[in-house]
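Beneath this line is the structure, given in structure tokens, with notes to follow.
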Amino acid sequence: MRKLLLIITIFQFANPIPGYSWGKEAHEIVAKIAFHFLDDSTKNRLLNYLDGMSIEKASTWMDEIRSDMKYNYMKPWHFLAFDKNTEEEVLGERNVVTVLNETIFSMKDSSKEKTKQNLLIVIHLIGDLHQPMHVGYNDDKGGNTIRLKYKGSTKILHAIWDGDLIRDGNIIYESCLALNNKLKVNVSSIDVFKWATDSRLLLSDVYNYKNNEIDKNYINNAKPVIEKQLLLAGMRLAYILNTRLK
């Protein structure tokens with residue numbers, strides 16, 4: 001699959017997708033990995049800005065405030081979807097890619113309160129960006145219209161990736177962190193558009209199910225993909241905080 005060219009416009013993104021994202025477990029794994037790789041001065045600054053909130057709690061804030069109508073404007077920020085086999089697409093201004101990129105480079109504000117909110121956005125959205133279905137296909141709303149057999153019940157494909165595969169695959173912080181001993185991930189720059197493209201390329205794994213069913217083989221194959229995505233998200237978040245929170 002060739003690299004996607006993302007062209008940003010000022011138009012509002014249409015056809016909103018139902019509100020799903022990585023589950024609590026995944027976001028907390030990403031946050032804990034990031035904290036592990038922060039230097040001491042960045043840890044102190046981060047905790048000062050979070051004002052008593054842990055980085056794990058910060059990672060789920062954007063999901064926890066979804067029921068508060070004053071934050072409705074943030075709902076489209078968790079995702080981006082466009083048609084299959086598209087190499088060039090005009091994207092809306094406010095989506096996971098554009099908001100994350102914008103907020104990273106304006107993260108530290110003169111106001112402590114504004115900096116805290118920017119951190120809450122970045123810490124959450126870096127996780128969402130690494131869930132492949134958050135840069136998914138428009139025709140099935142990022143997998144939210146696909147129902148599959150899963151362990152004796154019927155579930156939505158997007159939701160399966162958000163949490164079920166993590167719990168049933170026993171994916172935890174320690175297993176993701178240990179993966180770095182093998183991969184030796186090195187993050188040396190911030191490239192949200194490239195990271196989004198890389199996540200999009202994983203959709204072939206997401207849709208590699210048979211007979212409308214998620215079987216044990218699928219679960220086993222998904223585990224290393226998810227562990228790597230969570231590791232990458234955590235290490236990229238660490239790099240962002242270490243470089244942008246100075």
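Of the possible polar contacts, one joining the Ser54 side chain to the Lys57 backbone as a donor-acceptor pair under 3.5 Å is found. Under the 3.5 Å distance criterion, the side-chain polar atoms of Lys223 are matched with a main-chain donor or acceptor of Gly169. Without hydrogens or angle criteria, Asn242 side chain to Phe37 main chain gives a donor-acceptor distance under 3.5 Å. Not one N or O on the side chain of Lys141 forms a donor-acceptor pair closer than 3.5 Å with the backbone of Asn138. Judged by distance alone, with hydrogens and angles left aside, the side-chain atoms of Lys32 form no donor-acceptor pair with the main-chain N or O of Glu56 at under 3.5 Å.
Minimum heavy-atom separation, Cys176 to Leu231: O-CD1, 3.7 Å. Considering every non-hydrogen atom in both Tyr239 and Ser188, the closest pair reads OH-O, 2.9 Å. For Ser199 against Pro132, the heavy-atom pair with the smallest separation is O-CB, 3.5 Å. Annotation for Ile171 and Leu230: closest pair CG2-CD1, 4.0 Å, computed over non-hydrogen atoms. Minimum heavy-atom separation, Leu203 to Val135: CD1-O, 3.8 Å. The heavy-atom pair separating Asn118 from Ser106 by the smallest distance is ND2-O, 3.1 Å.
Counting heavy atoms from C-beta outward, Thr115 and Leu119 have side chains that approach closer than 4.5 Å. Using a 4.5 Å heavy-atom threshold, the side chains of Arg244 and Val122 count as separate. For the pair Ile33 and His36, the minimum side-chain heavy-atom distance is 4.5 Å or more. Between Thr145 and Tyr137, every side-chain heavy-atom pair lies at or beyond the 4.5 Å cut-off. Side-chain contact between Asp128 and His27: present, with at least one pair of heavy atoms (C-beta onward) separated by less than 4.5 Å. The shortest side-chain heavy-atom distance between Leu148 and Lys155 does not fall under the 4.5 Å cut-off.
Among Leu232, Val97, Asp198, the one residue that satisfies the side-chain contact (heavy atoms from CB on, under 4.5 Å) test with Leu129 is Val97. Residue Val192 is tested with Leu100, Thr197, Ile126 for a side-chain contact (heavy atoms from CB on, under 4.5 Å); the sole match is Leu100. The only member of His124, His158, His78 that meets ring pair (Phe, Tyr, Trp, His ring centres under 6.0 Å) when paired with His134 is His158.
Remark: aromatic rings of Tyr71 and Trp61 are close, center separation under 6.0 Å.
Remark: Glu174 CD is packed, more than 12 non-hydrogen atoms of other residues, nucleotides or ligands lying under 6.0 Å away. Shown here is Lys112, whose NZ atom has more than 12 heavy atoms of other residues, nucleotides or ligands within 6.0 Å. Annotation for Asn211: atom CG does not count as buried by contact number, only 12 or fewer foreign heavy atoms lying within 6.0 Å. More than 12 heavy-atom neighbours from other residues, nucleotides or ligands sit within 6.0 angstrom of NZ on Lys43. Surrounding NZ of Lys216 are at most 12 heavy atoms belonging to other residues, nucleotides or ligands under 6.0 Å away.
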inquiry  = Walk me through whether Phe82 and Asn95 qualify under side chain to side chain contact (heavy atoms under 4.5 Å, CB included).
reply    = CA-CA 12 Å; Phe82 49 102; Asn95 58 60; over 6 Å; no
task = For the pair Ile29 and Trp22, evaluate side chain to side chain contact (heavy atoms under 4.5 Å, CB included) and give the outcome as yes or no after the intermediate values.
result = CA-CA 11 Å; Ile29 288 170; Trp22 280 129; over 6 Å; no
ask   = Taking it one step at a time, do Tyr209 and Leu157 satisfy side chain to side chain contact (heavy atoms under 4.5 Å, CB included)?
value = CA-CA 10 Å; Tyr209 53 82; Leu157 177 60; 4.0 Å; yes
ask   = Passes side chain to side chain contact (heavy atoms under 4.5 Å, CB included), Leu165 versus Tyr150? Steps please.
value = CA-CA 10 Å; Leu165 291 173; Tyr150 184 86; 4.1 Å; yes
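From Leu46, atom CG reaches atom CE of Met53 across 11.0 Å, with rounding to the nearest 0.5 Å. For the atom pair Leu177 CG and Glu227 CD, the distance stands at 11.0 Å (nearest 0.5 Å). One finds the CG atom of Asp162 at 8.0 Å from the CG atom of Asn144 (value rounded to the nearest 0.5 Å). Distance CD1/Ile166 to CD1/Ile219: 12.5 Å, rounded to 0.5 Å. A distance of 9.5 Å separates CD1 in Ile214 from CG in Asn208, rounded to the nearest 0.5 Å. Interatomic distance, NZ of Lys228 versus CG of Leu183, reported as 6.0 Å (0.5 Å rounding).
Residues Met62 and Tyr73 fall within the same hydrophobic cluster, defined by Ile, Leu, Val, Met, Phe, Trp and Tyr side chains chained together at heavy-atom separations under 4.5 Å. Residues Ile172 and Val225 do not share a hydrophobic cluster, defined by chaining ILVMFWY side chains whose heavy atoms lie under 4.5 Å apart.
In this view, Arg167 and Glu25, Asp164 satisfy the salt bridge (charged side-chain N to carboxylate O under 4.0 Å, His left out) rule, not counting sequence neighbours. Under the rule for a salt bridge (charged side-chain N to carboxylate O under 4.0 Å, His left out), Asp215 has no partner lying at least two apart in sequence or in another chain.
Using modelled atom types and a 3.5 Å distance limit, the side chains of Asp39 and Thr42 yield a donor-acceptor pair.
The pair Glu102-Arg94 meets the salt-bridge criterion, with a side-chain N (NZ, NE, NH1 or NH2) lying under 4.0 Å from an Asp/Glu carboxylate O. A salt bridge links Asp168 with Lys151: at least one charged nitrogen is closer than 4.0 Å to a carboxylate oxygen.
Ring pair Trp195/His130 is tilted by interplanar angle, where 30° to 60° counts as tilted.
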